Each structure stands twice: as C-alpha cells, then as structure tokens.
Amino acid sequence: MPSAPPPILPGRYRVALVCLGNICRSPVADVVLSAQVAEGGLDDRVEVVSAGTGDWHVGEPMDHRAAATLTSAGYDASRHRAQQYAVSWFSECDLVLAMDGSNLADLRALAPDDADPARLRLFRDFDPDEPGGEVPDPYYGGPGGFTDVLEMVERTCVALTTAIAAAVS
Ligand code: 4NP
C-alpha cells in the first residue's frame, strides 16, 4: 500500500480527486472520502476537493445516477457542483488522484515542470484489492456501473483515509 506524501503545510492535507467531467466518478469519491475523513475525526485537518479535466459540466450537480447510488447508500449527494481542474491545484494540493489512466495522462500533460510527481497518481493505487486499477467511466453504461464504482471507491477510501491520517498525524 502506498503511503501518502507528507503535507506541504504540516498538519494540513488537501486531496484532489479528478475525472473527466466531475459529474460521475470524482464526485462519488469526493462524497465518500469526505464522509470517511469526517468519521475519522480528520475533517478539521483534511480537505477533499474534486474536479474534471473537462469544462462541459461546470456548475452542474452530479449525474442523477451517481447521486441516486450515493443516496441509496446513505450519503448526501446534494452539495456537489462540478468544477474544472486548474493548474494552480498542483501547488495547492498534497495529493492529486486520477480516476483512470486517461485522466492521469491529461493531468501529467497539464502539470508544470516543478510539480512533484509523487503527488500525482491513480486513485486506485490505494485500492487494497487491485492496486493500480482504474475507476471505469460509468457515464455511457447502465446503472450497474455506478454500483461498481461506489464499491471500489468505498474500499479504496478506507485505505486512503488511513494513509492520509498517517501523513497528517
Ligand atoms: P466522469 O464521467 O468523468 O466520471 O464525470 C463523465 C461525465 C461526462 C462526460 C464523460 C464522462 N461527458 O463526455 O460529458
């Protein structure tokens, strides 16, 4: 299991979750990680943000299928509004996690030369069951895709929260 890199500012941690549109995968990961961070009593030190590399859905709530999947599992999906990833996030975030390899390639292409490569990686590098896997894009598929995404996101966020807790303690 990878460790989370040390915080830029001691005792504070900001983690960014990034997909293509910021209406399906990264919002689900944002809601789940935020809930687990709060459950672990880390929400005074850890900030979770999410974005898409694309701008098509900026300002919109998350996809209704993603929201329904989260709501059925007891999460609050109502507060999300899509935003686009900005280059300034590379210097402001301790960890930037891409949902799939294409998102990671897009982020690497955007990253300034002085960006720390250890802070940019795949979200599922923290998945204990399949480290280095991708979160598949459920946008064009059926509702089962969203259930699959939630399952892998919940499992990955348990390990990710543990890694972040160690980095900020
Ligand atoms: P996401 O899914 O990257 O998980 O938010 C998508 C949402 C929108 C589009 C593609 C993927 N789109 O092409 O609009």
Side-chain angles (χ1 to χ4, degrees), residues 2 4 14-38 46-90 92-112 115 117 119-161 163-164:
R14 183 181 287 150
V15 53
L17 305 162
V18 184
C19 62
L20 182 59
N22 194 218
I23 56 168
C24 296
R25 293 165 293 172
S26 62
V28 168
D30 187 338
V31 166
V32 170
L33 185 60
S34 297
Q36 292 192 11
V37 160
V46 178
E47 184 185 359
V48 181
V49 293
S50 69
T53 55
D55 67 356
W56 312 283
H57 300 283
V58 169
E60 294 177 13
M62 74 176 81
D63 182 283
H64 66 94
R65 298 162 296 175
T69 304
L70 282 169
T71 305
S72 303
Y75 296 96
D76 177 7
S78 67
R79 297 212 307 267
H80 179 76
R81 294 296 176 272
Q83 51 185 347
Q84 186 177 26
Y85 189 86
V87 174
S88 60
W89 289 29
F90 284 114
E92 296 163 0
C93 294
D94 298 291
L95 193 53
V96 178
L97 297 175
M99 292 294 126
D100 67 23
S102 167
N103 306 143
L104 183 61
D106 289 344
L107 287 165
R108 283 191 174 135
L110 268 183
R119 297 191 185 278
L120 173 58
R121 56 193 314 161
L122 281 174
F123 172 75
R124 286 186 70 197
D125 283 352
F126 291 89
D127 183 346
D129 286 10
E130 194 197 328
E134 299 188 302
V135 182
D137 189 347
Y139 187 65
Y140 294 106
F146 288 84
T147 311
D148 293 347
V149 165
L150 179 59
E151 190 183 306
M152 63 183 75
V153 162
E154 283 186 315
R155 179 175 75 225
T156 300
C157 284
V158 172
L160 178 57
T161 302
I164 292 172

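The structure presented is a predicted model; accordingly, all values stated were derived computationally and were not measured. Whatever order the structure lists them in is the order used to number ligands and atoms, beginning at 1.
- The nearest pair of heavy atoms linking P128 to P131 is O-CD, 4.0 Å.
- Summarising the geometry of V49 relative to R14, their closest heavy-atom pair is CG2-CG, 4.4 Å, with the distance given to 0.1 Å.
- Here the shortest heavy-atom pairing between C157 and F123 reads SG-CZ, 3.8 Å.
- Shortest non-hydrogen contact noted between V135 and D100 is O-CB, 4.1 Å.
- Sorted by chain and number, the residues within 4.0 Å of ligand 1 by heavy atom are C19, L20, G21, N22, I23, C24, R25, H57, D137, Y139, Y140.
- Applying the ring pair (Phe, Tyr, Trp, His ring centres under 6.0 Å) test to Y85 and every residue at least two apart in sequence or in another chain returns W89, F90.
- Heavy-atom minimum distance, A29 versus V153: CA-CG1, 3.6 Å.
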